[in-house]
2 protein chains.
Amino acid sequence: MTDLLERLRERGWRLTPQRRVVAEVLRGDHVHLSAEAVHGLAQQRLPEISLATVYNTLNELVSLGEVAEVTAGDGPKRYDPNVAETHQHLVCVRCNHLLDVRPEGAQNLGLPPEERHGYQILDIRLLFRGICPKCLEDPTSG
Amino acid sequence: MTDLLERLRERGWRLTPQRRVVAEVLRGDHVHLSAEAVHGLAQQRLPEISLATVYNTLNELVSLGEVAEVTAGDGPKRYDPNVAETHQHLVCVRCNHLLDVRPEGAQNLGLPPEERHGYQILDIRLLFRGICPKCLEDPTSG
DNA sequence: GTATATGCAAAGCATTTGCATTAAA
DNA sequence: TTTAATGCAAATGCTTTGCATATAC
């Protein structure tokens, strides 16, 4: 597993300070940042980076397959750099907190032929929804 | 299984022409309409119905548990009146076409205790992503 | 030097909201 | 009669886009 930035350079990615900072902010295995959050963290290193550039860069990383978009619960999309190891997500329906999970039984999931309706299946996404410990305790929010 | 409108009346739902029309448009088992689409169909029966009312009504049906919101792929949410029978969805990543499916193995899915992170699990959503037959044939879109 | 990324501001789309009016119960 | 729903238009939140400028290669 080579480094993200190195992989990108190999793929002919034009490396600007903005792009490097976005890629750096997205390093790690349990990262699920919104575009705004990426922007905020990126600005700490590069104050003049614009939100539009963050969006452009994120979209590019997604289409390069280096980052996954996570749509779960309300609010903005989140961006997950961990595309190497298959995993699924657990989201709090109350506060939208998001976590990686490895469910059991997921490898035995499938669509029987008569349920495929002629589709070519690409992947399966699982979303576990629940209430996080913090929200379970908190009497105010819910 | 009583009728949706009857159930709603029993629950003290104030029955207006607008609400009745929205509920009628959402009858059926393989219905996945966007709010715009519901509005369009509703207007055929009741030309003066507003989009805001359609949104209000849909949200209410969702919080009453009579309709499920489906977020899959790009574009607007879709509304699924089939809450009686558990099912999952298959979406075309190219054209967003959406279908109900009953996967095998879904009943054996679960999060082992050490993967629950203190969450109380409410439900599991599965999304099968693929390419629909129409898009598989069509050389232009993709 | 040339192609491409950036920043800005404006536009876009889906959805929600405030408020005066209307209508269901 | 009272309480709640409607319609409108404006506001919101997230994301994309057009275009002139700047910059990586």
*Asks:* Starting at OH of B:Tyr79 and ending at C1' of C:dT15, how long is that distance when rounded to a whole Å?
*Replies:* 8 Å
*Asks:* In whole Å, what is the span from the CG atom of A:Asn56 to the P atom of D:dT16?
*Replies:* 8 Å
*Asks:* Using five pairs at each end of the helix from C:dG1-D:dC25 to C:dA25-D:dT1 to define an axis, what is the angle between those two axes, to 10°?
*Replies:* 40°
*Asks:* Using a 4.0 Å heavy-atom cut-off, does A:Asn59 contact any base of the nucleic acid, only the sugar-phosphate backbone, or nothing at all?
*Replies:* sugar-phosphate
*Asks:* Rounded to whole angstrom units, what separation is found between the CZ atom of B:Arg78 and the C1' atom of C:dA14?
*Replies:* 14 Å
*Asks:* Which comes earlier along DNA chain D counting from the 5' end, the contact point of B:Glu60 or that of A:Gly75, where each point is its nearest nucleotide?
*Replies:* B:Glu60
*Asks:* Looking at A:Leu15, is its backbone amide N or carbonyl O close enough to the side chain of A:Arg9 to form a donor-acceptor pair, meaning the two atoms are under 3.5 Å apart?
*Replies:* no
*Asks:* Fit a plane to each ring of B:His32 and B:His87, take the angle between them on a 0 to 90° scale, and name the class: parallel (under 30°), tilted (30 to 60°) or perpendicular (over 60°).
*Replies:* perpendicular
*Asks:* Decide yes or no, distance alone: a donor-acceptor N/O pair under 3.5 angstrom between the base of C:dA5 and the side-chain of A:Arg14.
*Replies:* no
*Asks:* Give the nucleotide from the list D:dG7, C:dG7, C:dA24 with an atom nearest to the side chain of A:Glu48.
*Replies:* C:dG7
*Asks:* Using whole Å, report how far CZ of A:Arg19 lies from C1' of C:dT4.
*Replies:* 8 Å
*Asks:* Using heavy-atom distances to pick each residue's nearest nucleotide on DNA chain D, tell me which of B:Leu51 and A:Ser34 is more 5'.
*Replies:* B:Leu51
*Asks:* When rounded to the nearest 0.5 angstrom, what distance separates CZ in B:Arg129 from CG in A:Asp123?
*Replies:* 4.5 Å
*Asks:* Taking atom P of C:dT15 as reference, at what distance in whole Å does atom CD of B:Glu36 sit?
*Replies:* 8 Å
*Asks:* When the distance from NE2 of B:His39 to P of C:dT15 is rounded to whole Å, what number comes out?
*Replies:* 14 Å
*Asks:* Is the backbone N or O of A:Arg102 less than 3.5 Å from a side-chain atom of B:Glu115, with the two atoms forming a donor-acceptor pair by type?
*Replies:* yes
*Asks:* Quick one: are A:Thr57 and A:Val38 in side-chain contact, heavy atoms under 4.5 Å?
*Replies:* no
*Asks:* If we ignore hydrogens and angles and just use 3.5 Å, is the side chain of A:Arg7 paired with the main-chain N or O of A:Glu66 as donor and acceptor?
*Replies:* no
*Asks:* With the side chain of A:Ala52 defined as its heavy atoms from C-beta on, choose the nearest nucleotide among C:dA9, D:dG7, C:dT15.
*Replies:* C:dA9
*Asks:* Taking the side chain from B:Arg78 and the backbone from B:Ala72, do they hold a donor-acceptor pair closer than 3.5 Å?
*Replies:* yes
*Asks:* Which nucleotide in the list D:dC14, C:dT6, C:dG7 gets nearest to the side chain of A:Thr57?
*Replies:* C:dT6
*Asks:* Ignoring backbone atoms, establish whether A:Thr53 has a side-chain N or O less than 4.0 Å from OP1 or OP2 of C:dA5.
*Replies:* no
*Asks:* Would you kindly compare B:Tyr55 and B:Arg9 by the position of their nearest DNA chain C nucleotide and give the one closer to the 5′ end?
*Replies:* B:Tyr55
*Asks:* Considering only side-chain heavy atoms of A:Thr16, which listed nucleotide, C:dG7, C:dT15, C:dA5, is closest?
*Replies:* C:dA5
*Asks:* Within the side chain of B:Asn96, is there an N or O that forms a donor-acceptor pair under 3.5 Å with the backbone of B:Asp74?
*Replies:* yes
*Asks:* Rounded to whole Å, how long is the line connecting atom NZ of B:Lys77 with atom P of D:dC14?
*Replies:* 12 Å
*Asks:* Round to the nearest Å and state the distance from A:Gln18 atom CD to C:dT4 atom C1'.
*Replies:* 13 Å
